[in-house]
Participant: 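Supplied in structure tokens, the structure appears directly below.
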Amino acid sequence: MPELPEVETVCRGLAEALEGHRFATIELRRGDLRWPLPADFAERLEGRLVRRVRRRAKYILLETDGAEVMLAHLGMSGKMLVEPPGRTPPPLGPHDHVIFTTDHGMRVAFNDVRRFGMLDLCAADALDQHPLLQGLGPEPLGNDFSAPVLSTRLAGKRTPIKAALLDQHVVAGLGNIYVSEALFRARISPRRQANTVAGARAERLVPAIKLVLQEAIAAGGSSLRDYVQASGELGCFQHNFDVYDREGEPCQNCQRNSVRRIVQSGRSSFYCPTCQR
DNA sequence: CACGAACCCTGGCTGC
DNA sequence: TGCAGCCAGGGTTCGT
């Protein structure tokens, strides 16, 4: 579910709710997520002050005043649901797996229907070596993500550009929605061989990626099925899709052809075969 | 090594 | 109404 803009939005909500506050209790209601939660997860975090919540790729990193950082991934259906103090929170459901409370009465529930998400703890000075963070590609919104950088990373890849952009080791944070949207804006076919995306095509693609991600963050992400912000509000960017989930609808660019859906490495791609080459 | 398919899990929707 | 089958924003593991 959540790609970079959704995770960024959730991080901002968590930062507002948690930064500067201390975890009081942490309740593990179900530990068999994507990987089993460490058995001592709660005791290692309880009493810790949350210094900063930030994002790397699609991971949420919660820095504390202790030696460890909490790592969270939302998988396809994960949510972080914030309930502010002074209000009776809604009753917990079967998919509220971990409940965090703070010393000022904030409640955050990690909820994940499909349990593809994960939580872990990692020594702050060894984050780079964490197996899930190791080898991740550059942040697409970072200053060092440029057309030359992208084409270098695509060099030698014979796989379709769609698959290459989904590979978090090439560039970190894109998912199925924003790859389709960025390729549409750059007028590049998802079927094009990755190593041919260089020069002028890369010069179109990089700004297209940056722009669509920035617009989506400004809209609070895209809500299709499960995704909500930490506050529970929906994102709005799904109303601005040009091609994603719009099979058969007219192309927003040429208005003549209709958006086509194809399956690549088991996942849907949406594009205009005329505008995108 | 690089690639694609299978798999992890639950729930919503479609079509018979 | 019921149920089988398909599909979903992700990522790892396995086989070729």
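Order of the sequence lines sets the chain letters (A, B, ...), proteins ahead of strands, with each chain counted from 1. When reading the values below, keep in mind they use all heavy atoms of this one structure, side chains included, and skip hydrogens, waters and symmetry mates.
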Participant: When the C1' atoms of B:dC3 and C:dG9 are compared, how many Å lie between them, rounded to an integer?
Facilitator: 23 Å

Participant: Does B:dA2 have OP1 or OP2 sitting under 4.0 Å from an N or O in the side chain of A:K157?
Facilitator: no

Participant: In a check of salt bridge (charged side-chain N to carboxylate O under 4.0 Å, His left out) between A:E63 and each of A:R48, A:R51, A:R54, which one passes?
Facilitator: A:R54

Participant: Rounded to whole angstroms, how far apart are CG on A:L74 and C1' on C:dG11?
Facilitator: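 About 13 Å, once rounded to whole Å.
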
Participant: Does a side-chain N or O of A:Y244 approach OP1 or OP2 of C:dG9 to a distance below 4.0 Å, or not?
Facilitator: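 Checking A:Y244 against C:dG9: at least one side-chain N or O falls below 4.0 Å of OP1 or OP2.
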
Participant: Write down the distance separating the P atoms in B:dC9 and C:dC14, rounded off to the nearest Å.
Facilitator: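 Between the two P atoms, the distance is 15 Å.
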
Participant: Looking at C:dG9, B:dT10, C:dT12, which one has an atom nearest to any side-chain atom of A:V113?
Facilitator: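 Among C:dG9, B:dT10, C:dT12, the one nearest the side chain of A:V113 is B:dT10.
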
Participant: Could you work out which one of C:dG10, C:dT12, B:dC3 sits closest to the side chain of A:T159?
Facilitator: B:dC3

Participant: Can you measure A:I177 atom CD1 to C:dG10 atom P for me and round it to whole angstrom units?
Facilitator: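 Answer to the nearest Å: 7 Å.
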
Participant: Expressed as a whole number of angstroms, how long is the span from A:D245:CG to C:dG9:C1'?
Facilitator: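 These atoms are roughly 11 Å apart.
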
Participant: At less than 4.0 Å, is any side-chain N or O atom of A:H73 found next to OP1 or OP2 of C:dG10? Yes or no.
Facilitator: no

Participant: Scan A:N111, A:D112, A:D226 and name whichever one has a side-chain hydrogen bond (donor to acceptor under 3.5 Å, both in side chains) with A:S77.
Facilitator: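 Considering A:N111, A:D112, A:D226, a side-chain hydrogen bond (donor to acceptor under 3.5 Å, both in side chains) with A:S77 is found only for A:D112.
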
Participant: Report the distance from atom CZ of A:R115 to atom P of C:dG10, rounded to the nearest whole Å.
Facilitator: 19 Å

Participant: Can you tell me how the ring of A:Y178 sits relative to the ring of A:F237, calling it parallel under 30°, perpendicular over 60° and tilted otherwise?
Facilitator: tilted

Participant: Which nucleotide, C:dG9, B:dC8, B:dT10, lies nearest any side-chain atom of A:E6?
Facilitator: C:dG9

Participant: Applying the side-chain hydrogen bond (donor to acceptor under 3.5 Å, both in side chains) test to A:N176, which of A:E3, A:E181, A:K162 qualifies?
Facilitator: A:K162

Participant: Ignoring hydrogens and geometry beyond distance, is a side-chain donor-acceptor pair present between A:Q264 and A:S269 at under 3.5 Å?
Facilitator: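 Short answer, yes.
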
Participant: Please check if atom CZ in A:R29 has more than 12 non-hydrogen atoms from other residues, nucleotides or ligands closer than 6.0 Å.
Facilitator: yes

Participant: Side-chain N or O of A:Q168 versus OP1/OP2 of C:dG11: is the shortest distance under 4.0 Å?
Facilitator: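 For C:dG11, OP1 or OP2 has a side-chain N or O of A:Q168 closer than 4.0 Å.
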
Participant: Remember a base hit wins even if backbone is also touched, and classify A:R158 as base, sugar-phosphate or nothing at under 4.0 Å, heavy atoms.
Facilitator: sugar-phosphate

Participant: Taking CG from A:L224 and P from C:dA8, how many angstroms apart are they, rounded to a whole number?
Facilitator: 11 Å

Participant: Report yes if a donor N or O on one partner sits less than 3.5 Å from an acceptor N or O on the other, where the partners are the side chain of A:R114 and the base of B:dC9; otherwise report no.
Facilitator: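 For A:R114, whose side chain was compared with the base of B:dC9, there is a donor-acceptor pair (under 3.5 Å).
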
Participant: Given B:dC8, C:dG9, B:dG4, which nucleotide is nearest the side-chain atoms of A:F116?
Facilitator: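 The nucleotide sitting nearest to the side chain is B:dC8.
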
Participant: Could you give me the stems involving DNA chain B, meaning stretches of three or more consecutive Watson-Crick or G-U wobble pairs whose two defining distances are both below 3.5 Å?
Facilitator: B:2-8 with C:10-16, B:10-16 with C:2-8

Participant: Contact class for A:S268 vs. all strands (heavy atom < 4.0 Å): base, sugar-phosphate, or nothing?
Facilitator: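 A:S268: backbone/sugar contact only, no base atoms under 4.0 Å.
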
Participant: Within the structure, does a side-chain N or O atom of A:R225 lie under 4.0 Å from either OP1 or OP2 of C:dC7?
Facilitator: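 No, A:R225 has no side-chain N/O under 4.0 Å of OP1/OP2 on C:dC7.
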
Participant: Would you mind classifying the nucleic acid contact of A:L132 as base, sugar-phosphate or nothing, using non-hydrogen atoms under 4.0 angstrom?
Facilitator: sugar-phosphate

Participant: Give a yes/no answer on whether the side chain of A:H169 brings an N or O atom under 4.0 Å of OP1 or OP2 in C:dG11.
Facilitator: no

Participant: Between B:dC9, C:dG10, C:dA8, spot the one nearest the side chain of A:R261, thanks.
Facilitator: C:dA8

Participant: In this structure, how many angstroms lie between the P atom of B:dC8 and the NE2 atom of A:H97, rounded?
Facilitator: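 Answer to the nearest Å: 18 Å.
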
Participant: Check whether the side chains of A:D120 and A:H130 place a donor and an acceptor atom closer than 3.5 Å, and report yes or no.
Facilitator: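 Their side chains do contain a donor-acceptor pair, which is all the 3.5 Å distance test asks for.
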
Participant: Parallel, tilted or perpendicular, judged at 30° and 60°: which one describes the rings of A:Y59 and A:H73?
Facilitator: perpendicular

Participant: At under 4.0 Å between heavy atoms, what does A:P5 touch on the DNA or RNA strands: base, sugar-phosphate, or nothing?
Facilitator: nothing

Participant: Between C:dG9, B:dG11, C:dG10, which nucleotide has the shortest distance from any of its atoms to the side chain of A:H95?
Facilitator: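 Nearest nucleotide to the side chain: B:dG11.
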
Participant: Using atom CG of A:L33 as one end and atom P of C:dG10 as the other, report the distance to the nearest whole Å.
Facilitator: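 It is 18 Å, rounded to the nearest whole Å.
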
Participant: For A:L81, does its backbone N or O pair with a side-chain atom of A:R107 as donor and acceptor, under 3.5 Å?
Facilitator: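 No; zero donor-acceptor contacts below 3.5 Å.
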
Participant: Whole angstroms only, please: what is the CD-P distance between A:Q134 and C:dG11?
Facilitator: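 Going from CD in A:Q134 over to P in C:dG11 covers 16 Å.
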
